[in-house]
**Q** 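Got a structure here, written out as structure tokens. Questions coming.
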Amino acid sequence: MKQPLAGRYQFEAEIARGAAGVVHRARDLVGGEMVAVKVLHTESAAEPTMAAAFLDEAEVLSELDHPGIVRPRDLIINGDLMALVMELVEGVDLRRSLNENGPMSPQRAATVVSELAQVLAVIHEAGIVHGDVKPGNIMLPSNGGPVRLIDFGVARRIASPDGPTHGTPDYAAPELINGEPSSAKTDVYGVGLVLFEALCGRNPYRGGPIDEVLARHRSSIPLRPEQVPSELWSIVESCLAGRPEARPAVESLPSMLRAVMPVLTDVAAPALAEPPVLRPRDEGPVLLPVGVGAPMEMTPPVAIDEADSIDAMFVSSEELLRKDEQKRGRGALILAGTAATIVAIAAIGFFALGGLSPDSGVVSEPKGVEESTSESPGIEETDTDSTPSQDPSEEPSDEEPEDDTSFDDSNSDGDTGGDSGDGSDSSGSDGDSRGEDLIGSPMPGGPGGN
């Protein structure tokens, strides 16, 4: 753009690009400072849902005041032009840092996660859930300051649980997969995965088709890798509990981490060469009763940056119950149920006669696959933590069943790209599929595109 935006912001370089918009590095001609400007594509601005999500993000950011949150500076709406001007953060996102430098030392990882937890505590106190906590949405300022949490494109108000919930499959808490709304404890689940990745260099759940990734979140938890200190593992494990109520409060995490800091080393271990081994959750699979909140179908997300940008959509609980009642009246189901019972009895008899028993060993992630993939073409991986730059979080799905929960693999921390999050100037990074929110997600193809 040759002419200054609104006669004030002169664009200098593109930071990130995605399906929803573009993030630019620009100069404020009035004050002289460098800023980040997130601009919705014209077609996105014309879409009511996208435009509303964009405005919601601006409103949420305007309500938060903390050094760990990128501050909004200006909102520009002129016809089909919608732009959000934000503070520019010089640095790289955690995803890119892990990709380029390998895992952090236990001391450094504990420090970063403690700072992250403090930011989340402030957000939750304000009645807001971030909803997409992952390495690609965590900026490490080049000046050595505290971490900055970016990309509030999928943030939601705790008091307003209705409406679609978006997230990144590789970081999706079990309750989201079951169709429940996000909560403060959903963010805590993300914190546990961030700590795991900071220490090991990889996400324990990623790899293979999206439905397999989600199934692993619901039924399994990783075994402790040798390189993770037991003191930190107890924190990781508690954050990854399948049931929200079993996870610690985010406010307690900083003190828990400070308590073990004296025994932690400042020497980093190499990244895990193989996917971590998973074991069945002790509390059992996190499943809801049949027909209540169970995901029915997933709609491929709009491609954003990598396999990280997958937007999986789930039918609402009400829809499931309605369909279940319709099915009950059908005789075919009765016959099918009878047949299933006969097969079950036959199977029990087989095991009894043969002295066989089902095997309940550990489950390990498919090897040789680094990113969660989807059958749909052109899908960007979400949490491939890429470079957060300003944030166009990712993308809207083509269809939106009422009250659906959609997982936008756009911000999946997995690998490449820059998280175009809030105001960050990092050349792109990878690993986390950008925090795909309704709108912005890291924009692929540009420096910093997540």
**Q** Quick one, Leu55 with Leu75, criterion side-chain contact (heavy atoms from CB on, under 4.5 Å). Give me CA distance, side-chain angles, the key distance, then yes/no.
**A** CA-CA 9 Å; Leu55 295 176; Leu75 176 63; 4.0 Å; yes
**Q** Pairing donors with acceptors under 3.5 angstrom, does anything connect the side chains of Ser105 and Asp266?
**A**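 Note: Ser105 and Asp266 side chains miss the donor-acceptor criterion.
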**Q** Which residue pairs pass the salt bridge (charged side-chain N to carboxylate O under 4.0 Å, His left out) test with at least one member in residues 246-265, sequence neighbours excluded?
**A**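 Sorted result for residues 246-265: Glu175-Arg247.
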**Q** Do you know which two heavy atoms are closest between Cys239 and Val188, and how far apart they sit?
**A**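 The pair with the smallest heavy-atom distance is CB-O, 3.6 Å.
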**Q** Check whether Arg108 reaches the backbone of Val112 with its side chain - one donor and one acceptor, N or O, closer than 3.5 Å.
**A**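 No, the answer is negative, given that no donor and acceptor are paired below the 3.5 Å cut-off.
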**Q** Which residue pairs satisfy the side-chain hydrogen bond (donor to acceptor under 3.5 Å, both in side chains) criterion with at least one member in residues 138-148, sequence neighbours excluded?
**A**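 Every pair satisfying side-chain hydrogen bond (donor to acceptor under 3.5 Å, both in side chains) with a residue in residues 138-148: Glu87-Arg148.
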**Q** Decide yes or no for Pro174 and Tyr189: does some side-chain heavy atom of the first lie under 4.5 Å from some side-chain heavy atom of the second?
**A**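 Yes - at least one pair of side-chain heavy atoms lies under 4.5 Å apart.
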**Q** Quick one: pull up CG in Leu223 and CD in Glu226 and give me the separation to the nearest 0.5 Å.
**A**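 One gets 12.5 Å once the value is rounded to the nearest 0.5 Å.
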**Q** Using every non-hydrogen atom in the two residues, find where Val133 and Val191 come nearest and quote the distance to one decimal.
**A**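 Taking every non-hydrogen atom into account, CG1-N, 4.0 Å.
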**Q** For a quick test of reading the model, state the closest non-hydrogen atom pair linking Val213 to Gly207 and the distance between them.
**A**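 Reported closest heavy-atom pair: CG2-O, 3.7 Å.
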**Q** Let me confirm one number: the CG-CG distance from Leu116 to Leu253, rounded to the nearest 0.5 Å.
**A**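 Going from CG on Leu116 over to CG on Leu253, the span is 9.0 Å.
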**Q** Ignoring hydrogens and angles, write down the donor-acceptor pairs under 3.5 Å from the side chains of residues 64-71, residues two or more places apart or on other chains.
**A**
unit_1 : atom_1 : unit_2 : atom_2 : d
His66  : ND1    : Gly68  : N      : 2.8

**Q** If you define the side chain from C-beta out and look only at heavy atoms, does anything of Leu5 sit under 4.5 Å from Leu81?
**A**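 Result yes, sub-4.5 Å side-chain heavy-atom pair found.
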**Q** Give the intermediate values and the outcome of side-chain contact (heavy atoms from CB on, under 4.5 Å) for residues Leu149 and Met139.
**A** CA-CA 6 Å; Leu149 181 61; Met139 285 295 296; over 6 Å; no
**Q** Apply salt bridge (charged side-chain N to carboxylate O under 4.0 Å, His left out) to Asp56 and Arg156, showing your working.
**A** CA-CA 9 Å; Asp56 285 344; Arg156 64 189 301 157; over 6 Å; no
**Q** If you apply the rule side-chain contact (heavy atoms from CB on, under 4.5 Å), what do you find for Arg73 with Glu33, and how did you get there?
**A** CA-CA 11 Å; Arg73 297 170 59 101; Glu33 308 93 344; 3.5 Å; yes
**Q** Could you report the tightest heavy-atom contact between Leu84 and Pro72, atom names first, then the distance?
**A**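 Shortest heavy-atom contact: CD1-CB, 4.3 Å.
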**Q** So do the side chains of Val23 and Val39 get within less than 4.5 Å of each other, counting heavy atoms only?
**A**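 A side-chain contact is absent here, since even the closest heavy-atom pair is not under 4.5 Å.
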**Q** Flag the pair Val85 / Ile76 as yes when at least one side-chain heavy-atom distance between them is below 4.5 Å, and no otherwise.
**A**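 Side-chain contact under 4.5 Å: yes.
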**Q** Taking side chain as C-beta onward, heavy atoms only, is Val22 less than 4.5 Å from His41?
**A**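 The answer is yes; the side chains approach within 4.5 Å.
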**Q** Is there a side-chain contact (heavy atoms from CB on, under 4.5 Å) between Leu257 and Ile235 once you walk through the steps?
**A** CA-CA 8 Å; Leu257 291 164; Ile235 296 176; 3.6 Å; yes
**Q** Whether the side chain of Asn203 engages the backbone of Glu197 through a donor-acceptor N/O pair (distance < 3.5 Å, no angle test) should be reported.
**A**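 Here the side-chain-to-backbone pair does not exist.
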**Q** Taking the side chain as every heavy atom from C-beta outward, state whether Pro146 and Gln118 have any pair of such atoms under 4.5 Å apart.
**A**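 No, too far: nothing below the 4.5 Å cut-off.
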**Q** Taking all heavy atoms of Val236 and all of Gly192, pick out the closest pair and write down the distance.
**A**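 Looks like CG1-O, 3.9 Å.
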**Q** With heavy-atom distances below 4.5 Å as the criterion, would you say the side chains of Met86 and Val37 are in contact?
**A**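 The answer is no, as the side chains (C-beta and beyond) never meet within the 4.5 Å cut-off.
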**Q** Donor-acceptor pair, distance only, cut-off 3.5 Å: does the side chain of Ser62 make one with the backbone of Glu59?
**A**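 Checked: pair present.
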**Q** Just by distance, do the side chain of His217 and the backbone of Tyr205 share a donor-acceptor pair under 3.5 Å?
**A**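 Checked: no pair found.
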**Q** For the atom pair SG (Cys200) and CG (Leu193), what is the distance rounded to the nearest 0.5 Å?
**A**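 Atom-to-atom, Cys200:SG and Leu193:CG are 11.0 Å apart.
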**Q** Any side-chain to backbone donor/acceptor pair from Gln227 onto Leu199? Under 3.5 Å, distance only.
**A**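 Here the side-chain-to-backbone pair exists.
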**Q** Roughly how far, to the nearest 0.5 Å, is CD of Glu125 from CD1 of Ile158?
**A**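 The CD1 atom of Ile158 sits 9.0 Å away from the CD atom of Glu125.
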**Q** Using salt bridge (charged side-chain N to carboxylate O under 4.0 Å, His left out), reason through Glu274 and Arg202 one step at a time and then give a plain yes or no.
**A** CA-CA 9 Å; Glu274 296 292 332; Arg202 69 188 305 157; over 6 Å; no
**Q** Any sub-3.5 Å donor-acceptor pair from Tyr9's side-chain atoms to Met34's backbone N or O?
**A**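 No: the side chain of Tyr9 does not pair with the backbone of Met34.
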**Q** If I take atom CD from residue Glu63 and atom CD1 from residue Ile128, how far apart are they, to the nearest 0.5 angstrom?
**A**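 Going from the CD atom of Glu63 to the CD1 atom of Ile128 covers 5.0 Å.
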**Q** So does Leu40 get a backbone contact from the side chain of Ser44, meaning a donor-acceptor N/O pair under 3.5 Å?
**A**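 Not confirmed, Ser44 side chain does not pair with Leu40 backbone.
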**Q** Inspect the contact between Lys185 and Glu180 and indicate whether a charged nitrogen and a carboxylate oxygen are less than 4.0 angstrom apart.
**A**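 Salt bridge between Glu180 and Lys185, a charged N being under 4.0 Å from a carboxylate O: no.
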**Q** Pro229 and Arg224: which non-hydrogen atoms are nearest, and at how many Å?
**A**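 Looks like C-NH1, 4.2 Å.
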**Q** Under 3.5 Å, is there a donor-acceptor pair between the side chain of Ser252 and the main chain of Pro248?
**A**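 Not confirmed, Ser252 side chain does not pair with Pro248 backbone.
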**Q** When you look at Glu57 and Lys38, which way does the salt bridge (charged side-chain N to carboxylate O under 4.0 Å, His left out) test go after all the steps?
**A** CA-CA 11 Å; Glu57 178 181 5; Lys38 177 178 177 178; 2.9 Å; yes
**Q** Please tell me if the side chains of Trp233 and Phe196 come closer than 4.5 Å, counting only heavy atoms from C-beta onward.
**A**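 Yes. Closest side-chain heavy atoms under 4.5 Å.
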**Q** Roughly how far, to the nearest 0.5 Å, is CG of Asp28 from CG of Leu88?
**A**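 Here the interatomic distance stands at 12.0 Å.
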**Q** Is the Phe11 ring parallel, tilted or perpendicular to the His24 ring (thresholds 30°, 60°)?
**A**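 If you compare the ring of Phe11 with that of His24, the planes turn out parallel.
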**Q** Between the main-chain N or O of Ser183 and the side-chain N or O of Thr186, is there a donor-acceptor pair closer than 3.5 Å?
**A**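 Yes; judged by distance alone, with no hydrogens or angles, the pair exists.
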**Q** Keeping His130 on the side-chain end and Asp132 on the backbone end, is there a donor-acceptor pair under 3.5 Å?
**A**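 Yes, the answer is positive, given that a donor and an acceptor are paired below the 3.5 Å cut-off.
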